[in-house]
Asker: 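If you scroll down you'll find the structure; I have some questions about it.
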Amino acid sequence: MIDLKYIQKNFDEASKKLQKKGVDAQTLTKLEDLFSKLKEANAQLEAMQAEQNSMSKLFGQYKKEGKDITALKAKVDANKEAMLPVQERAREAQEALFSVALAIPNFPDDAVPEGQDETDNVELRKVLEPKNFDFKPKEHWELSEINGWIDFERGVKLAKSRFAILKGEASRLERALINFFLDTNREKGFVEYSVPFINNATMLQGTGQLPKFGDDLFKIEEEDLYLIPTAEVPLTNMYHDEILAEKELPLLMTGYTPCFRKEAGSAGRDTRGIIRQHQFNKVEMVAVAHPDKSDEIFEMMVQNASDILTALGLPHRVVELCGGDLGFSAAKTIDLEVWLPGQNQYREISSISNTRDFQARRAKIRFKEGKKNRFVHTLNGSALAVGRTIVAIMENYQNEDGTIEIPEVLKKYM
RNA sequence: GGACAGAUGGGAGAGCUGGUUUAAUCCGCGCCCCUGCUAAGGGCGUGUAGCCUCACGGUUACCGAGGGUUCGAAUCCCUCUCUGUCCGCCA
C-alpha cells in the first residue's frame with residue numbers, strides 16, 4: 001500500500017509519480033479527501049469516547065459512594081447516542097479509503113524510464129551470443145513431437161486447455177532444473193523453503209494480488225483460499241504482521257512451487273506450446289531487506305538469475321521495465337529475456353522486482369530500528385521459471401535431427 | 001468427523017462471582033546506582049497502531065477474531081478460527 005501521509009504532504013509529487021503508472025490525479029484527490037475525512041471523524045469520535053470513558057469511571061465511583069446517578073446516567077446515555085452517527089461516519093470513511101487505497105499501485109522509482117508498454121522498455125545488456133544454426137531451428141512444440149516430451153492433448157483431457165504433461169526425459173529435465181536452481185540459490189545465501197501452495201486472502205492482499213487481480217487467481221470454492229500464482233506470496237507473507245530484529249535482516253529465501261494463473265487477459269496469446277500455462281513450476285527468490293540495503297540486494301538477485309542462465313549456456317538480455325509496464329506492486333523491475341532460436345526472439349524467463357515498502361505496508365512487515373518500527377523492503381524474482389527454461393534448452397540445444405543435448409551443468413542432476 | 005480442555009503483553013502466569021487493573025507478579029531485556037575483581041543487591045524503564053503537541057505529555061483502540069448485553073467487558077452471552085489431549089479415519 002502506498003503511504004497515505006506521504007500523499008497528503010506531497011500531493012503534486014505523488015500525483016506525478018503515479019502518472020507513470022497510469023493513475024489519474026482525480027483518484028488521488030479522492031483518496032486524499034477520504035483520508036482527511038477519516039482523520040476528522042476519528043478525532044471527533046475519540047474525543048467523545050474519552051468523555052464516555054471518564055463519565056463511566058465516575059459512574060462507578062458514584063455507585064460505590066451511594067450517590068444519586070440519575071443525572072449522570074442521562075448524560076452518559078445522551079453522549080452514547082450522539083456517538084452513533086460519528087461512529088458510522090468513521091467506519092464508512094475507513095471502508096471507502098481502503099477500497100480506493102488498496103487498488104492504487106506502487107510509486108515507480110524516479111529512475112524508472114518513461115513509457116507506455118513493453119516496447120518502451122530499456123535493454124541494459126546482452127549476455128552470451130545466440131548460436132548460429134546451419135539449419136532452421138525448430139520451435140519447442142515441434143521438437144516435443146519428435147522427442148515425445150510434452151503431451152498436450154492428455155494434459156487438456158485431465159484439466160482443460162493450457163495444461164500439459166511432461167514425459168520421460170522432459171520430466172527428468174524439469175526435476176534436474178529445480179534442483180540446480182535451488183542449489184545455486186542456496187550457494188548465494190538463500191535459505192530453502194517448502195511452503196503451502198494454497199494461501200488465504202489476507203496473504204494475497206499482502207503481496208498485492210488482491211483485491212484488484214482476483215480474476216487471475218484460482219480460488220478454492222467455498223473457502224477463503226487461493227492457489228498461489230507465485231511463491232512470492234507465501235515466502236514474503238511468512239513474516240506477515242511481524243516485527244523483525246534489525247540484525248535478522250536481510251532474510252533471503254528461495255523455494256520451488258508450482259504457480260497457478262488464470263491468464264485472464266491473455267486469451268489467444270502463446271496458445272501453442274508451454275510458454276503460457278495455467279500451471280507452471282518456478283523457483284523463486286524473495287528478500288526481506290533493510291531499506292538501505294535493498295538496492296544492493298536487488299542487483300545481487302538480478303546477477304544471480306543471469307548467472308544461472310549463463311551457467312546453462314543460454315543467451316539472454318537484461319531489460320529494465322518502463323513505468324507503464326511495471327507490475328502493480330513494483331517500484332522497479334528488471335526482466336531477463338532468454339533467446340529462443342525457434343521463435344527467433346527474446347522471451348521473458350525471469351522478472352526481478354523491488355517493491356520497496358509497498359508490500360511491507362500491506363503485509364505489515366516491520367523491523368525494530370532502535371525504538372522505532374520501520375517497514376522493511378521486500379524483493380522478489382524468479383530464478384528461474386522452470387517451464388520456460390525447458391523451452392529455452394530445447395530450442396537452444398537442438399540438433400538438426402531434432403534431438404536435444406543436455407547442458408553440461410545439468411548432467412550430474414540427471 | 002466425534003468428545004473434552006484451552007487461547008492474556010518477548011516468555012511464564014494471575015485476573016475470568018463486570019468498575020483504584022493505567023493488565024498483578026515472576027523471568028528476560030535496557031539504562032542507572034551500589035560494590036576496589038567475581039557473586040549478589042537496589043532503583044527506574046520496557047507491547048502495537050492511530051490522532052493531538054515543537055517538545056514534555058495527552059488521548060483512543062487492541063487480553064485469538066467478529067458481533068451482542070451494559071453507563072462501563074480480559075471478565076457475561078452468541079458465532080467463528082486456531083491450539084492441545086483422546087477417539088475415529090488416513091498418505
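Naming convention: chains lettered A, B, ... in sequence-line order (proteins, then strands); numbering from 1 in each chain. Note: hydrogens, waters and symmetry copies are ignored here, and every other heavy atom, side chains too, is used.
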Asker: If you take the centroid of each ring, where Trp contributes its six-membered ring, are A:Phe197 and A:Phe260 closer together than 6.0 Å?
Answerer: no

Asker: Map A:Lys368 and A:Gln61 onto RNA chain B by nearest heavy atom, then report which one ends up closer to the 5' terminus.
Answerer: A:Gln61

Asker: Please give the nucleotide sitting opposite B:G45 as a Watson-Crick or G-U wobble pair, both distances under 3.5 Å, or none.
Answerer: B:C29

Asker: When A:Arg356 is tested against each of A:Asp110, A:Asp3, A:Asp109 for salt bridge (charged side-chain N to carboxylate O under 4.0 Å, His left out), which residue passes?
Answerer: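 Passing option: A:Asp109.
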
Asker: Distance check: side-chain N/O of A:Arg366 vs OP1/OP2 of B:A49, anything under 4.0 Å?
Answerer: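 For B:A49, OP1 or OP2 has a side-chain N or O of A:Arg366 closer than 4.0 Å.
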
Asker: List for me each residue that meets ring pair (Phe, Tyr, Trp, His ring centres under 6.0 Å) alongside A:Tyr6, sequence neighbours excluded, and say none if there are none.
Answerer: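 Only A:Phe107 meet the ring pair (Phe, Tyr, Trp, His ring centres under 6.0 Å) criterion with A:Tyr6.
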
Asker: Look at all strands and tell whether A:Gln52 reaches a base, only sugar-phosphate, or nothing, counting heavy atoms closer than 4.0 Å.
Answerer: sugar-phosphate

Asker: Does any residue of residues 71-85 of chain A have a heavy atom under 4.0 Å from RNA chain B, and if so, which ones, in number order?
Answerer: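 Hits under 4.0 Å, by residue number: A:Lys73, A:Val76, A:Asp77, A:Lys80.
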
Asker: So, are A:Arg89 and A:Glu92 salt-bridged, with charged N and O less than 4.0 Å apart?
Answerer: no

Asker: Distance between the C1' atoms of B:A39 and B:U21, in whole angstroms?
Answerer: 37 Å

Asker: State the pairing partner of B:U70; accept Watson-Crick or G-U wobble contacts with both distances under 3.5 Å, and report none otherwise.
Answerer: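 B:U70 is unpaired by these criteria.
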
Asker: Can you tell me the base-pairing partner of B:C56? Count Watson-Crick or G-U wobble geometry only, both distances below 3.5 Å, and say none if there is no partner.
Answerer: none

Asker: Would you say B:G72 has OP1 or OP2 under 4.0 Å from some side-chain N or O of A:Asn53?
Answerer: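 No, outside the criterion.
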
Asker: Checking salt bridge (charged side-chain N to carboxylate O under 4.0 Å, His left out) against A:Asp77, which of A:Lys75, A:Lys80, A:Lys73 comes through?
Answerer: A:Lys73

Asker: In whole angstrom, give the distance that lies between atom CE of A:Met48 and atom P of B:A61.
Answerer: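 Distance check: A:Met48 CE to B:A61 P gives 14 Å.
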
Asker: Please state whether the rings of A:His290 and A:Phe367 are parallel, tilted or perpendicular, taking 30° and 60° as the class boundaries.
Answerer: tilted

Asker: For B:G6, give its Watson-Crick or G-U wobble partner with both distances under 3.5 Å, or none.
Answerer: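 Answer to the pairing question: B:C82, which forms a Watson-Crick or G-U pair with B:G6.
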
Asker: Would you please indicate yes or no on a ring centroid separation below 6.0 angstrom for A:Phe218 and A:His278?
Answerer: yes

Asker: Taking the same atom, C1', in B:C26 and in B:U81, what whole-Å distance lies between them?
Answerer: 31 Å

Asker: Applying a 3.5 Å limit to both distances, which nucleotide forms a Watson-Crick or G-U wobble pair with B:A23?
Answerer: none

Asker: Name the pairs: protein N/O against N/O of nucleotides 50-54 of chain B, kept only if under 3.5 Å.
Answerer:
unit_1 : atom_1 : unit_2  : atom_2 : d
B:G50  : N2     : A:Glu46 : OE1    : 2.4
B:G50  : N2     : A:Glu46 : OE2    : 2.9

Asker: State, yes or no, whether a side-chain contact exists between A:Asn304 and A:Asn185 at a heavy-atom distance under 4.5 Å.
Answerer: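 Yes, close enough: below the 4.5 Å cut-off.
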
Asker: Check the pair A:Arg91 / A:Glu95 against side-chain contact (heavy atoms from CB on, under 4.5 Å), numbers first and verdict last.
Answerer: CA-CA 6 Å; A:Arg91 200 187 56 77; A:Glu95 233 161 63; 2.9 Å; yes

Asker: Would you measure the distance from the P atom in B:A7 across to the matching atom in B:A12 and give it in whole Å?
Answerer: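 The answer is 12 Å between these two P atoms.
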
Asker: Determine which nucleotide pairs with B:G1, using a 3.5 Å limit on both distances of a Watson-Crick or G-U wobble pair.
Answerer: B:C87

